[in-house]
Amino acid sequence: MERSLRIGVVGAGLGGTTAVGLLQRAGFNVVLYDQMPAFSRLGAGIQLGPNVMKIMRRLGIEESMAAVSNEPQYWCSRNGMDGVYLSRIPLNADRARYQAPYITIHRGEAHQIMLGAVDTANVQFGKCLADLHAHDKGVRLSFMDGTSDEVDILIGADGLNSCVRAKLLGPEDPLFTGWIGHRGMIKASKLAGLDVGECVKWWSSDRHMMTYFLDRKKEEFYFVTGEPAESWPLGVSWVPSTHAEMHKSFAGYDPLVRAYIDAAENITKWPLYTRKPLPVWHRGRVVLLGDACHPMKPHMAQGAAMAIEDAAMLVRCMAEIETNDPNTCFEAYRHHRMGRASRVQEVSNANTWLRTDEDPSWVYGYDVYGVDLHA
Ligand code: FAD
């Protein structure tokens with residue numbers, strides 16, 4: 001596509017930020033809008049596999065991310081009740097196979113490094129998209145603050161409650177999965193003397209707790225859980241929670257898990273949403289990526305990874321396919337992404353990933369730049 005086109009990206013999350021960084025490197029004229037008044041450092045952890053780190057390499061930030069993150073040698077699954085090992089799967093212990101690291105990192109830190117790879121001259125915070133009007137020649141954007149803008153192409157990277165998706169396909173609430181997740185941060189010094197695993201998922205019949213370090217020095221530790229819940233109030237993105245509520249939920253679990261709960265600071269509770277796989281990823285000059293397109297339960301730690309892979313494939317299609325027809329370009333993007341994103345969505349929602357020994361190379365070994373691109 002012509003590099004002179006003005007491309008708007010709505011949503012400076014992990015997917016939108018990746019798209020902007022890669023579009024700028026490919027020579028496109030991009031503007032990034034986000035509703036937040038400024039960058040906010042979400043206090044949570046995130047796991048990023050070799051499939052993502054190969055994209056961070058293209059943004060020139062693979063090394064800076066690896067420098068501040070932990071690189072677990074193995075993924076381990078353990079029985080929550082008696083601690084018995086259910087699986088032990090090489091991650092960085094098999095680095096040569098994947099040709100990139102598997103990192104666990106503070107999510108805010110990762111996001112900040114990614115934003116540092118973007119030319120900020122065209123980043124506009126405090127711009128909440130309220131409406132859009134797509135026509136033959138471009139897309140007119142209207143923001144909540146009363147301002148408007150015009151772009152040639154619009155990328156909707158605005159997450160689970162995407163305004164772009166609603167305008168494209170009509171409003172539809174995301175589906176509450178009947179699950180919530182607790183998140184907790186722990187100062188590792190509070191766990192001194194305990195046999196803390198680098199990257200361990202604790203399982204029982206209907207709930208789990210994922211645990212890992214957030215930094216190279218192993219000073220910060222983190223858990224995120226999956227637990228059944230009857231309902232969640234519509235429109236509430238998270239609420240504070242308590243040690244008592246978590247102890248009740250994880251009653252009978254291994255003493256190590258209970259020690260993690262005791263040591264946690266600022267426990268929060270989040271609803272887990274999904275949507276049905278979406279056949280329509282684009283219309284006219286508007287295209288979707290990441291959670292705006294295919295949100296999933298986070299049990300495979302691949303939601304952000306799919307948003308980042310989407311961004312990389314979309315930019316490849318825009319830069320490499322010789323066409324100025326948005327439909328040809330976006331249809332190639334959908335063709336190359338839909339099967340993989342839907343499969344990951346399915347496995348993630350089923351919550352079976354790496355519970356027992358299995359080969360994870362179809363996820364971690366994927367290289368978006370190794371895909372043979374065709375229109
Ligand atoms: P988001 O990160 O949601 O970004 C959307 C952006 O759009 C935001 O910045 C928002 O402010 C902006 N926006 C929204 N509406 C508007 C508007 N109208 N106008 C302007 N801007 C707007 N994934 C992993 O890969 N690994 C993990 O370990 C992991 N752990 C998780 C744990 C939990 C508890 C949860 C809930 C999710 C987890 N995920 C994980 C999933 C991951 O967080 C999401 O899949 C990922 O953030 C999606 O990225 P995105 O860029 O599509 O959207």
Side-chain angles (χ1 to χ4, degrees), residues 8-20 31-40 42-49 51-53 69 102-108 110-111 114-115 123-132 141-145 149 154-167 174 177 179-184 199 201 208-212 214 222-227 232 237-238 268-275 288-311 341 344-345 348 353 363-364:
V9 178
V10 179
L14 300 180
T17 304
T18 303
V20 171
V31 55
L32 173 61
Y33 315 92
D34 199 284
Q35 63 184 358
M36 302 297 284
F39 167 70
S40 78
L42 181 65
I46 194 160
Q47 311 182 54
L48 299 174
N51 49 324
V52 169
M53 295 307 282
S69 58
Y102 187 109
I103 67 166
T104 56
I105 187 170
H106 191 294
R107 188 183 171 120
H111 198 178
M114 288 167 74
L115 276 169
V123 179
Q124 299 187 18
F125 282 107
K127 291 286 171 195
C128 181
L129 186 72
D131 201 1
L132 64 90
L141 308 175
S142 307
F143 297 99
M144 295 287 259
D145 62 2
D149 205 351
L154 179 67
I155 300 175
D158 48 346
L160 178 72
N161 294 301
S162 169
C163 171
V164 178
R165 176 190 174 116
K167 297 295 168 191
T177 57
W179 284 62
I180 57 94
H182 275 106
R183 281 168 155 160
C199 181
K201 187 163 175 176
H208 65 257
M209 176 188 279
M210 181 75 222
T211 63
Y212 50 85
L214 298 181
Y222 170 76
F223 63 68
V224 56
T225 70
E227 301 156 57
W232 185 268
S237 58
W238 61 274
T268 52
K269 189 162 72 166
W270 301 69
L272 305 183
Y273 285 100
T274 187
R275 288 183 189 271
L288 300 171
L289 65 76
D291 274 12
C293 195
H294 46 65
M296 58 190 81
K297 280 159 85 183
H299 304 331
M300 213 174 151
Q302 285 292 317
M306 290 304 107
I308 291 167
E309 285 184 9
D310 282 353
V344 169
Q345 195 180 20
S348 203
W353 181 240
V363 177
Y364 304 148

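Indexing begins at 1, ligand by ligand and atom by atom, following the structure's order.
- Between L141 and K127, every side-chain heavy-atom pair lies at or beyond the 4.5 Å cut-off.
- Of all the atoms in ligand 1, the ones that sit under 4.0 Å from a non-hydrogen atom of A305 are 25 (O).
- Listed by number with element, the atoms of ligand 1 under 4.0 angstrom from any heavy atom of K127 are 19 (N), 20 (C).
- Checking only distances, Y33 never comes within under 3.5 Å of ligand 1, N or O to N or O.
- When each atom of ligand 1 is checked for a heavy atom of I46 under 4.0 Å away, the hits are 24 (C), 26 (N), 27 (C), 28 (O).
- Residue V224 has no N or O atom closer than 3.5 Å to an N or O atom of ligand 1.
- Across the listed options A311, A157, G11, A157 owns the non-hydrogen atom lying nearest to atom 5 (C) of ligand 1.
- Residue G290 approaches ligand 1 through these ligand atoms, each under 4.0 Å from one of its heavy atoms: 52 (O).
- For ligand 1, the atoms sitting less than 4.0 Å from at least one non-hydrogen atom of V10 are 19 (N), 20 (C), 21 (N), numbered in the order shown with element in parentheses.
- Selection from M210, R183, H299 by nearest heavy atom to atom 33 (C) of ligand 1 gives R183.
- At a heavy-atom distance under 4.0 Å, atoms from both the backbone and the side chain of A304 approach ligand 1.
- Using cut-offs of 30° and 60° on the angle between ring planes, the pair Y222 and Y212 is tilted.
- Counting only heavy atoms from C-beta outward, the side chains of V363 and M300 approach each other to under 4.5 Å.
- D158 places a side-chain N or O within 3.5 Å of a backbone atom of C163 that can act as its donor or acceptor partner.
- Contact annotation for C163 and ligand 1: only side-chain heavy atoms (C-beta onward) come within less than 4.0 Å of the ligand.
- The L129 neighbourhood of ligand 1 comprises atoms 17 (C), 18 (N), 19 (N), 20 (C), with distances under 4.0 Å to a heavy atom of that residue.
- Between L48 and M53, the shortest heavy-atom distance links the atoms O-CG, 4.1 Å.
- The part of A307 lying near ligand 1 is the side chain, judged by heavy-atom distances below 4.0 Å.
- Using the six-membered ring where Trp is involved, Y364 and W353 have ring planes that are perpendicular, over 60° apart on the 30 and 60° scheme.
- Among all protein heavy atoms, the one lying closest to atom 36 (C) of ligand 1 is L272 CD2, 4.0 Å.
- For atom 31 (C) of ligand 1, the nearest non-hydrogen atom of the protein is P298 CB, 3.5 Å.
- Smallest separation of non-hydrogen atoms from Q345 and P295: NE2-O, 2.9 Å.
- Put simply, the side chain of S162 does not reach to within 4.5 Å of the side chain of D291, judged on heavy atoms.
- Relative to atom 53 (O) of ligand 1, the option among G159, G13, G45 with the closest non-hydrogen atom is G159.
- If you check each of Q35, R165, M306 against atom 22 (C) of ligand 1, the one with the closest non-hydrogen atom is Q35.
- Each of the atoms 24 (C), 25 (O) of ligand 1 lies under 4.0 Å from some heavy atom of Q302.
- Residue-ligand proximity, G15 to ligand 1, at heavy-atom distances under 4.0 Å covers atoms 51 (O).
- Backbone and side-chain nitrogen or oxygen atoms of Y222 are examined, and none is located within less than 3.5 angstrom of a nitrogen or oxygen of ligand 1.
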